[in-house]
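First up is the structure itself, then whatever we jot down about it.
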Amino acid sequence: MSMKSAVKSAGSPLPIPGQKPKATVFAILLAISLVHLFNDTIQSVIPAIFPILMDSMKLTYTQLGWISFAINFTASIMQPVVGWFSDKRPTPSLLPIGMGFTLTGMLLLAFAQDYAAVLLSVVFVGLGSAAFHPEGSRVSHMAAGSRRGLAQSIFQVGGNAGQSLAPLLTSLVFVPLGQFGAIWFTVVAGAGILVQLFIARWYGRMLQTDLYQRKQKAQAQKLRPDVKNRILFAMIVLIVIVFVRSWYNASIGSYYSFYLIQVFHLPLETAMVYIFLFLGAGALGTFFGGPLADRFGKRNMIFLSMALAAPLALLLPYANLFWTGVLLALIGFIMLSSFSVTVVYAQMLVPGKIGTISGLITGLAFGLGGVGALVLGNWIDRAGIENVMMLCGFLPLLGVLSFLLPSDKQLNRWAEENGAEV
């Protein structure tokens, strides 16, 4: 085949295995982003229906925190495990299997009669999320071509858009139908399984290409000890940033609706609109963050997303209702603009471990968010929701530690010395 024919073929929606995928494969990226939307919509309705569960089962804030902990901690523990396994043996069938776990969890939730049954159902949803995210991130990486930041943004924006829809779906589905409204999300999970079967077929074909095999061998090289130590330090800093962002997001996503109901006396449906502003703006920020990072640098985007959000988070507890909506949208857009960038940066730190690193970073986001929801719920029971929300405003200040991260040029230099692709 001629070079001209190869280039033309690389730009087709579904490239033929064996050819060099120079172009971004948007058909696959949009498909995996759609499934990400399905997955995270389902996962995010769990904290969104906390007010309904609190009312129907007479739960405390601490018990709600345990529910959030159960789903997020399950996902956080299993994601790096799934990622490590898939790095050793990529398994396309994990994609539809994971969504099958999610479908089972929502079916159980619809018929759960007590607190223990709710905990069991959300564990299934967490397992489904754990199976999806590392393999979904690998598919995004394989379909990215040379546009890693854009590809990861397309993948992540589906998840963040799904999270933003959860408060609205709570108002439309769970408020009128109650807990049984979860049954409708089994339909969403079923649609996700069908799309995953399509993606898994493409994924399996790409694994057979010579190009994929060469990349895996090139990225298996050993790093120098001094470089490994600097990468370890950078990964610790990155984990601190994920910690800060996850805890702040947990404070808004899990409990801020209660704050709005208590302080501004809003009905639940209206309070959910404000949560949607935060999450919806965050989805937009996720989409724009990747291309901006490709242009201006991933380390720079991570630093700016935290540094610019910090003063706004400090102002939020003192704002009136109008400015609360404005600030929530701005904070969501700015802070979550680095969501996909963080994943790509971590993959640059450790080339060749796409599943493990993606599972670690996104798993940490879920797990630390779950721990944050548990701790914050306990604090709210003890100190009151207004005091805790004011305290959470200081969290983004810790994000300035991202200035200590190595620059993109430094990461590329390490990768070139190691003979790996970033």
I'd like to know whether OH of Tyr259 has more than 12 heavy-atom contacts from other residues, nucleotides or ligands below 6.0 angstrom.
yes
Does Tyr61 have more than 12 heavy atoms from other residues, nucleotides or ligands lying within 6.0 Å of its OH?
yes
Roughly how far, to the nearest 0.5 Å, is CD1 of Ile261 from CE of Met272?
7.0 Å
So OG of Ser140 and CD1 of Ile32: to nearest 0.5 Å the spacing works out to 8.0 Å
Run the side-chain contact (heavy atoms from CB on, under 4.5 Å) test on Met306 and Val400 for me, step by step, so that the C-alpha distance in whole Å, both residues' side-chain angles and the decisive distance to 0.1 Å come before the verdict.
CA-CA 7 Å; Met306 303 303 294; Val400 298; over 6 Å; no
Do you know the tightest heavy-atom contact between [X] and [Y]?
X: Ala131; Y: Gly98; answer: CB-CA, 3.7 Å
X: Leu119; Y: Val122; answer: O-CG2, 3.2 Å
X: Pro406; Y: Arg299; answer: O-CG, 3.5 Å

[X] side chain to [Y] backbone, donor-acceptor under 3.5 Å:
X: Tyr345; Y: Leu238; value: no
X: Ser44; Y: Thr41; value: no
X: Asn300; Y: Phe296; value: yes
X: Ser137; Y: Pro134; value: no

Kindly state whether the ring of Phe185 and the ring of Phe38 have centres lying under 6.0 angstrom apart.
no
Can you check whether Trp202 and Phe198 have ring centres sitting under 6.0 Å from each other?
no
Which label fits [X] and [Y]: parallel for a plane angle under 30°, tilted from 30 to 60°, or perpendicular past 60°?
X: Phe111; Y: Phe180; value: perpendicular
X: Trp66; Y: Phe69; value: perpendicular
X: Phe132; Y: His36; value: tilted

Any side chain to side chain donor-acceptor pair (under 3.5 Å) pairs touching residues 276-286, not counting sequence neighbours?
Asn160-Thr286
After noting the C-alpha distance and the side-chain angles of Arg245 and Thr342, does the key distance pass the side chain to side chain donor-acceptor pair (under 3.5 Å) rule?
CA-CA 11 Å; Arg245 191 177 60 205; Thr342 306; 3.0 Å; yes
Testing Leu53, Ile52, Leu268 one by one against Phe174 for a side-chain contact (heavy atoms from CB on, under 4.5 Å), which residue passes?
Ile52
